[in-house]
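Because only heavy atoms are used, hydrogens play no part in the values below, and waters and symmetry mates are left out as well, while side chains stay in. Note that the structure is predicted; figures quoted are calculated from it, not measured. By convention here, the first residue in the shown sequence is residue 1.
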Amino acid sequence: MTRRVRRAPGFRRGVGRVPEGGVFAPRRPAGCPASAGHVSQRRRLQGGASREFYFRDTCDGWGSRILDVIGALISAERMGMRFAGVVAGREPCSISHDVLIAPAMQAFFGFADESEMYVDAVPNGTQSFRSLGDLQEQLEKGAIGDGARVCLDRGEGLGDVIVGTQISPTILASLRSRNTPLMQMHLAHFRSHIFHVAVHVRRDDVFSGSSAGMQRFTRDEWYIWLMNIMREKVPHAEFHVFSSLGSRGLHTSEDFDVYRNWGAIVHLDTEARETMAYMARADVLVTAKSTFSYVSALLNPNCVLFQRWKRKMPEWVELPLTRQGGINKGEVLIHQIASCMERQAIAR
């Protein structure tokens, strides 16, 4: 997963408004009448909800924090609330894994100012809850009245809401807005007339012999097997491999020669928002076992080939953990991959 984020022009606190769209839009200043430019997209998502839902921030990486907000949106919608913002955590975590979080979140969600997402403290009278289960229980008892404000005191685990609850078409459509900074970013390596395949190869903090690698590491041989299938189906496709070396010295650029020799273009340690933009806008995205990869896939409306991680979206093609062949499983998988890629090739 590539993680480094540079603060770009227009991402400073209080400046650089983004085009209308995305999950967030500017809040209406106190005393001002509502207008098209000051109607909160969150109110459009959860219109009419009088209760407000906050949660306390974590110190996780960028992808996990994105998924926490998506989990909060799903939870608020399910409970008839309006997601109102992220409360500063007890420990300062404005940077995680070399990613400057607020500008990166701004690029993903499309809010105009950091205050649209983050609050230093919840309003007076806000009720705190230790878990979503506790909050749901009190709602069912009728103990949380109209107009109430509630805060989940621990944001950890919100990202797993999507595992048990399918994201709604309304939230997904808002996340996939083409008007966010991420989706407006210029992609210098993608040419308009070329069919592009983005392949996320997670390395950085995992390797085949690590404990984390047991769950998250995928071998080069598996990727090459898959890429061979894809190239056979769409011979003119251009393959881009995205990964990072990390700071622990576990990997070198030469480790990726297997992909270069195969014919892929390898991108290492690119800026995090740029990497996600390529993955979100590729004609075909092959995910890794990573939350960064997962949230990139949520943005991609095209063809997603999915290594199992969190919850599969209905239109994604789920990939096996090992190479497959034969008349049954192998042929079915090849057909699914071909259909997915061909649909996107026609759609272009």
Side-chain angles (χ1 to χ4, degrees), residues 1-2 61-64 66-67 70-71 74 108 159-169 171-173 175-176 182 195-204 206 212-234 237 239-243 259 264 275-325 329-345 347:
M1 179 177 70
T2 53
W62 181 32
S64 294
I66 289 172
L67 205 55
I70 293 173
I74 294 172
F108 186 96
D160 289 331
V161 167
I162 201 169
V163 176
T165 305
Q166 182 69 59
I167 187 170
S168 72
I171 294 175
L172 186 61
L175 291 175
R176 289 179 174 174
L182 195 75
F195 189 92
H196 297 103
V197 177
V199 181
H200 187 200
V201 177
R202 179 170 186 161
R203 290 298 179 257
D204 195 344
V206 300
M214 296 296 291
Q215 295 181 343
R216 302 190 178 195
F217 185 88
T218 302
R219 294 183 178 278
D220 296 328
E221 294 83 0
W222 184 92
Y223 280 110
I224 296 298
W225 162 76
L226 177 64
M227 290 160 65
N228 281 333
I229 293 174
M230 297 167 70
R231 186 157 63 180
E232 181 180 343
K233 299 305 175 185
V234 185
F239 287 75
H240 295 259
V241 170
F242 292 90
S243 191
Y259 300 103
T275 300
M276 188 174 288
Y278 277 108
M279 291 167 62
R281 291 156 62 183
D283 292 297
V284 180
L285 170 61
V286 178
T287 67
K289 300 168 190 171
S290 115
T291 306
F292 181 93
S293 207
Y294 186 82
V295 296
S296 301
L298 287 177
L299 293 183
N300 191 309
N302 302 323
C303 173
V304 174
L305 307 183
F306 170 66
Q307 291 194 66
R308 189 180 306 163
W309 191 256
K310 304 296 182 182
R311 183 189 183 109
K312 175 184 174 293
M313 298 297 292
E315 67 273 18
W316 294 354
V317 175
E318 184 169 335
L319 299 169
L321 300 178
T322 58
R323 290 176 287 176
Q324 292 187 348
K329 290 184 178 179
E331 291 300 321
V332 169
L333 176 65
I334 290 171
H335 175 73
Q336 291 174 333
I337 292 172
S339 297
C340 187
M341 296 182 72
E342 289 165 4
R343 281 196 303 270
Q344 177 56 20

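Between Cys340 and Val317, the closest heavy-atom pair is CB-CG2, 4.0 Å. Contact detail for Met341 and Phe195: the closest heavy-atom pair is O-CZ, 3.8 Å. The nearest pair of heavy atoms linking Phe242 to Ala198 is CE1-CB, 4.0 Å. Smallest separation of non-hydrogen atoms from Ala277 and Leu182: CB-O, 3.5 Å. Of all the heavy atoms in Ala237 and Val197, the pair that sits closest is CB-CG2, 4.0 Å. Scanning both residues, Pro320 and Trp225, for their nearest heavy atoms gives CG-CH2, 3.9 Å.
Residues Leu298 and Met313 have side chains in contact (heavy-atom distance under 4.5 Å, counting atoms from C-beta outward). With contacts defined as side-chain heavy-atom distances shorter than 4.5 Å, the pair Val234/Gln344 does not qualify. Side-chain contact check for Arg202 versus Thr218: every heavy-atom pair is 4.5 Å or farther apart. Residues Phe108 and Met276 are in side-chain contact: their nearest non-hydrogen atoms beyond the backbone lie under 4.5 Å apart. Put simply, the side chain of Val286 does not reach to within 4.5 Å of the side chain of Met227, judged on heavy atoms. Counting only heavy atoms from C-beta outward, the side chains of Thr287 and Leu319 never approach each other to under 4.5 Å.
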CA sep, side-chain torsions, deciding dist, call: Val199, Leu305, side chain to side chain contact (heavy atoms under 4.5 Å, CB included) | CA-CA 9 Å; Val199 181; Leu305 307 183; over 6 Å; no

Step by step, work out the side chain to side chain contact (heavy atoms under 4.5 Å, CB included) result for Thr275 and His200.
-> CA-CA 9 Å; Thr275 300; His200 187 200; 5.8 Å; no

Any chance you could lay out the side chain to side chain contact (heavy atoms under 4.5 Å, CB included) test for Ile66 and Phe292, step after step, and finish with the verdict?
-> CA-CA 9 Å; Ile66 289 172; Phe292 181 93; over 6 Å; no

Run the numbers on Val284 and Asn302 for side chain to side chain contact (heavy atoms under 4.5 Å, CB included), then give the verdict.
-> CA-CA 6 Å; Val284 180; Asn302 302 323; over 6 Å; no

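Of the possible donor and acceptor atoms, none in the side chain of Lys310 sits under 3.5 Å from a partner among the backbone N and O of Lys312. Between the Ser296 side chain and the Ala280 main chain, no donor and acceptor come within less than 3.5 Å of each other. For the pair Asp283 (side chain) and His196 (backbone), a donor-acceptor distance under 3.5 Å is present. Remark: side-chain polar atoms of Ser293 are not paired, donor with acceptor, to backbone N or O of Lys289 under 3.5 angstrom.
Under the rule for a ring-ring contact (aromatic ring centres under 6.0 Å, His included), the partners of Trp316 that lie at least two apart in sequence or sit in another chain are Tyr294, Phe306. With sequence neighbours left out, Glu315 forms a salt bridge (Lys or Arg N to Asp or Glu O under 4.0 Å) with Arg176. Under the rule for a ring-ring contact (aromatic ring centres under 6.0 Å, His included), Tyr259 has no partner lying at least two apart in sequence or in another chain.
With Phe217 as the aromatic partner, Arg203 meets the cation-pi criteria of under 6.0 angstrom to the ring centre and within 45 degrees of the ring axis.
Between Ile334 atom CD1 and Ile229 atom CD1 the span is 4.5 Å, to the nearest 0.5 Å. Between the CD1 atom of Ile171 and the CD1 atom of Ile70 there is a distance of 9.0 Å, given to the nearest 0.5 Å.
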